[in-house]
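Written out below as structure tokens is the structure these notes cover.
Quick note: residue numbers are just sequence positions, from 1.
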Amino acid sequence: MSTYTGGTASSLEADAELERTLDRLEARMEALQHSMRTRRVSPRFELWRHDLHETRETWFRLVDPDGQDPTPEGS
């Protein structure tokens with residue numbers, strides 16, 4: 001039987017869920033960047049760029065809600 005209080009267990013679960021979410025967002029950014037590099041002439045290029053921008057914003061917002069994305073746009 002666990003001796004954790006509800007707050008401690010909930011905090012650990014929330015931290016683990018945040019870590020999984022960040023990992024998924026990182027994997028998505030890598031996949032989008034790969035698609036953009038290898039298929040620049042694709043009609044979906046602009047969609048991928050927009051999706052990458054939104055995914056990056058979400059990742060930074062979760063990591064540091066008060067911070068800003070240090071990566072210049074388009075890189």
For the atom pair OG1 (Thr58) and CG (Leu22), what is the distance rounded to the nearest 0.5 Å?
10.5 Å
Report the distance from atom CZ of Arg20 to atom CG of Leu25, rounding to the nearest 0.5 Å.
13.0 Å
Just to verify, what does Arg28 make a salt bridge (Lys or Arg N to Asp or Glu O under 4.0 Å) with, not counting sequence neighbours?
Asp51
Side-chain contact test, heavy atoms from C-beta onward, threshold under 4.5 Å: evaluate it for Met36 versus Phe45 and give yes or no.
yes
Using 4.0 Å as the upper bound for N to carboxylate O, is an ion pair formed by Glu17 and Arg24?
yes
How far does CD of Glu13 sit from CG of Leu18, to the nearest 0.5 angstrom?
13.5 Å
Look at the side-chain heavy atoms of Ile, Leu, Val, Met, Phe, Trp and Tyr, link any pair under 4.5 Å apart, and say whether Met29 and Leu47 land in one connected group.
no
Decide yes or no for Glu57 and His53: does some side-chain heavy atom of the first lie under 4.5 Å from some side-chain heavy atom of the second?
yes
Between CH2 on residue Trp48 and NE2 on residue His34, distance to nearest 0.5 Å:
9.5 Å
Approximate separation, where rounding is to 0.5 Å, of Phe60 CZ and Thr55 OG1
12.0 Å
Go through the side-chain N and O atoms of His50 and Glu46 and say whether any donor and acceptor fall under 3.5 Å apart.
no
